[in-house]
Undergrad: 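Shown below is the structure under consideration.
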2 protein chains.
Amino acid sequence: MLDPRRLRLLRDLARLGTISAVADAHTYTASAVSQQLSALEREAGVPLLERSGRRVELTAAGHVLVEQAELVLGALEQAAAAVATAGSALSGPLRIGAFPTAVRTLLPSALVALGVRHPGLELHVAELDPAAVPDALRERRIDVGLVQDYDIAPVAPDPALGTADLLDEEVYLAVSATGRIRRIEDAAAEMWIMASPGTLCHTAGLRLAQSAGYAARARHHADDFTTVLALVAADQGVAIVPQLAAYPVPDGVRLIALDTRRRTRVAYRRGSAGHPAIVAAHAALAEAAGNWRAGVPTINQSPRGGDRR
Amino acid sequence: MLDPRRLRLLRDLARLGTISAVADAHTYTASAVSQQLSALEREAGVPLLERSGRRVELTAAGHVLVEQAELVLGALEQAAAAVATAGSALSGPLRIGAFPTAVRTLLPSALVALGVRHPGLELHVAELDPAAVPDALRERRIDVGLVQDYDIAPVAPDPALGTADLLDEEVYLAVSATGRIRRIEDAAAEMWIMASPGTLCHTAGLRLAQSAGYAARARHHADDFTTVLALVAADQGVAIVPQLAAYPVPDGVRLIALDTRRRTRVAYRRGSAGHPAIVAAHAALAEAAGNWRAGVPTINQSPRGGDRR
DNA sequence: GGGCGAGCATAAGATGAACTGATGCTGGAT
DNA sequence: ATCCAGCATCAGTTCATCTTATGCTCGCCC
């Protein structure tokens, strides 16, 4: 009988490309992964890997088994969800991964709500960039995460995940309150405060500037929007800031509405949508998002923006 | 992540009723099964069992998980079949369970064919009564088995198995060549040589006598048809004998065609129909059955029998 | 071409999980 | 009341998984 833990390793090898990368992802040594995959080959009765230079590649049979592995792992997720639904009370760990702004703004009240409604749950929250959420879910480091996309930086859906809508936000150019900038086009000569390269915020910033006809000149990199806004207030540059991070607007900062929006979704492993802990987490987060939405203004004046509202 | 070996134990507990029976079926101790099921409860996060007198019963959540377990186990079988199909050559064990007459008549040539076509296969044959085949497949003691039913003793399909047609045989009353019996109705006063109670042959024999208006008087029990026919030839009684076991007809034995047939099917775990080893085994057995069919006569004269041919 | 590091496979050992055997408790049948 | 069935738990044994060490091949860069 094929072992699901080994199937996961094979699946992740197909995705990550090297045994070392899989070992890192699972906090194992490469040796452990190598031996487990050899054991899987013996179980399967056919070669699944072949040496290719320093690396290994999947054989045709290996690729077939990766596809089947997704079905098996999905069935296991569904089984776990079904049995949790049938149980009378939620218990056990629930690991939530969220980006820093959400941890600051949404998670406090969501955790309180979850703790009151389901005292048996062990709640764990970790800060995690949305781009890292799919891997963390796949590798079972978290059970629920937050993923995002911007109009101007769309993200393809990941087939291993299910998602549910949480937030749809305006996006602003944050500028000094004493400056003369009226539109993003006026910020060509400004210094930009950007997120770390590789993050979606960074990509979105680059593309927004490009849409306005120039390449953003990055002077600072900061991922924490509280820090970003403090720099803007101190006249150290301009920055792209989503709605969730913009309020309360610090003194010295003015917001200019932009022609894009950011969407945030709750993500979980496909098959686990019905798991009551996932359902509960989504409900608590949605409630927190609703409360947040009720407390912040909307400043987008564009006809397109209006249509969206 | 739920462990499939534990899911199998839970599934088998639902079917067998006690932890001791599951332990016997898996050649484990009850203690090992108890501990593994406790571990499954911890994995699942809900109680799956509750004490009921000396025994345990499944909770509602336990029943839900048993249903899900069948899906998971089926997905694993499919994965194994798919990867075996993708491999270039068959290798590994193939365990075939067959009733003694089939082992004697069909298996020799089937094994030769398999050995020639797939030298990487490790072939294992065990004698196994058709009534025991479903459990043996479920418990992975065998990979392919032979199951049967008679018109007069139908057997409900087992949802955990897939099957494929192999043989459709005549059924005879074997009597002494020197006797005066012409029909089964004439055998009311005869001593019967019957199979062991609990076997399908035994049940079919009882029912055939009942259909002829009397209760068969069992004097001997024997499961080996070679022995049965020797006893008939020695005038020790009459017996129900299927076509596969009847030929070559020993001296001193006469066959009377009966108004029922026996069907034999190749059985395997559901989901594993596409496994090339199963495909190969079925093909080899079907070929052997075809060869056997070409070498034996048919003596059934009844219109209904003729229709069937 | 040589040196260095990446990447993997294998062997030996350490650690954790699965299984056995012993024990004690509850229950069901006689 | 007695005996045996059935299970849960504990302690010990056995087996599986993971780590560490080692050696090999490959690929990149100087």
Side-chain angles (χ1 to χ4, degrees), chain A residues 1-59 61-62 65-66 69 73 76 92 139-141, chain B residues 1-59 61-63 65-66 69 73 76 139-141:
Chain A
M1 188 153 68
L2 302 171
D3 184 86
R5 284 171 302 171
R6 293 174 184 160
L7 292 178
R8 271 180 73 221
L9 294 177
L10 187 73
R11 182 201 60 186
D12 290 347
L13 177 61
R15 185 169 50 91
L16 300 172
T18 66
I19 287 180
S20 300
V22 175
D24 286 344
H26 287 256
T27 59
Y28 284 166
T29 61
S31 169
V33 174
S34 178
Q35 287 178 45
Q36 289 300 305
L37 292 174
S38 290
L40 185 57
E41 282 186 313
R42 292 194 295 276
E43 278 182 335
V46 299
L48 300 171
L49 311 178
E50 60 197 359
R51 205 62 196 262
S52 169
R54 291 181 302 185
R55 298 176 162 222
V56 290
E57 291 188 345
L58 295 188
T59 60
L65 189 53
V66 167
L73 297 174
L76 281 163
E139 290 152 28
R140 313 184 71 89
R141 286 185 270 119
Chain B
M1 188 151 72
L2 302 171
D3 184 88
R5 285 171 301 173
R6 293 175 184 158
L7 292 177
R8 270 180 72 220
L9 294 177
L10 187 73
R11 182 201 60 186
D12 290 347
L13 177 60
R15 184 168 52 91
L16 299 172
T18 67
I19 286 180
S20 299
V22 175
D24 286 344
H26 287 257
T27 59
Y28 285 164
T29 60
S31 169
V33 175
S34 178
Q35 287 176 52
Q36 289 300 306
L37 292 175
S38 290
L40 184 59
E41 283 186 313
R42 291 194 296 277
E43 277 181 337
V46 299
L48 300 171
L49 312 178
E50 60 198 358
R51 203 65 196 260
S52 170
R54 290 181 304 184
R55 296 178 164 219
V56 289
E57 291 189 347
L58 295 188
T59 61
H63 281 291
L65 190 54
V66 166
L73 297 174
L76 281 164
E139 289 151 27
R140 314 185 70 90
R141 285 186 271 118

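Please read all numbers here as calculations on a predicted model, not as lab measurements. Reminder, nothing fancy here: chain letters follow the sequence lines and each chain counts from 1.
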Undergrad: At less than 3.5 Å, do the side-chain atoms of B/Ser31 and the base atoms of C/dG21 form a donor-acceptor pair?
TA: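 Such a pair exists between side chain and base.
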Undergrad: Please confirm whether the shortest side-chain N or O distance from B/Gln35 to OP1 or OP2 of C/dC19 is below 4.0 Å.
TA: no
Undergrad: Quickly work out the A/Asp24 CG to D/dC18 C1' distance and round it to whole Å.
TA: 15 Å
Undergrad: Looking at C/dT10, does its base get a donor-acceptor pair with the side chain of A/Ser38 below 3.5 Å?
TA: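 Such a pair does not exist between side chain and base.
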Undergrad: Name the nucleic acid region contacted by B/Thr18, choosing base, sugar-phosphate or nothing; use a 4.0 angstrom heavy-atom cut-off, strictly under.
TA: sugar-phosphate
Undergrad: Let me know the distance between CD1 of A/Ile19 and P of D/dC26, rounded to the nearest Å.
TA: 16 Å
Undergrad: Do B/Arg140 and A/Met1 come close enough that some side-chain heavy atom pair is under 4.5 Å?
TA: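 Yes - at least one pair of side-chain heavy atoms lies under 4.5 Å apart.
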Undergrad: Return the 5'-most residue of the pair A/Asp3, A/Arg51 with respect to DNA chain D, ranking by each residue's nearest nucleotide.
TA: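 Final value for this comparison: A/Asp3.
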Undergrad: Which listed nucleotide (D/dT17, D/dC7, C/dG7) is nearest to the side chain of A/Arg6?
TA: D/dT17
Undergrad: Closest-nucleotide mapping onto DNA chain D: is A/Gln36 or A/Arg54 further toward the 5' terminus? I mean the 5' end.
TA: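 That would be A/Gln36.
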Undergrad: How many Å lie between CG on A/Leu16 and C1' on C/dA6, as a whole number?
TA: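 In whole Å, C/dA6 C1' and A/Leu16 CG are 16 Å from each other.
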Undergrad: Considering all heavy atoms of both residues, which atom of B/Asp3 and which atom of B/Glu43 are nearest to each other, and what is their separation?
TA: N-OE1, 3.3 Å
Undergrad: Less than 4.5 Å apart, any side-chain heavy atom of A/Leu13 and any of A/Val66?
TA: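 Result no, sub-4.5 Å side-chain heavy-atom pair not found.
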Undergrad: With a 4.5 Å heavy-atom cut-off, do A/His26 and A/Val33 have their side chains touching?
TA: no
Undergrad: Quick one: on DNA chain C, does A/Ser34 or B/Leu9 contact a more 5' nucleotide (nearest heavy atom)?
TA: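 Its nearest nucleotide being more 5', the pick is A/Ser34.
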Undergrad: In whole angstrom, give the distance that lies between atom CG of A/Leu37 and atom C1' of D/dC18.
TA: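 The distance from CG of A/Leu37 to C1' of D/dC18 comes to 14 Å, rounded to the nearest Å.
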Undergrad: How close or far is atom P of D/dC15 from atom CZ of A/Arg42, stated in whole angstroms?
TA: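 Atom CZ in A/Arg42 sits about 16 Å away from atom P in D/dC15.
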Undergrad: So, for B/Ser52 and B/Glu57, which heavy atoms are closest and what is the spacing to 0.1 Å?
TA: OG-OE2, 3.4 Å
Undergrad: Specify the separation, in whole Å, of atom CZ of A/Arg5 and atom C1' of C/dG16.
TA: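 To the nearest whole Å, that distance equals 11 Å.
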Undergrad: Tell me which nucleotide among C/dA18, D/dA16, D/dT19 gets nearest to the side chain of A/Thr29.
TA: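 Nearest to the side-chain atoms of A/Thr29, counting from C-beta on, is D/dT19.
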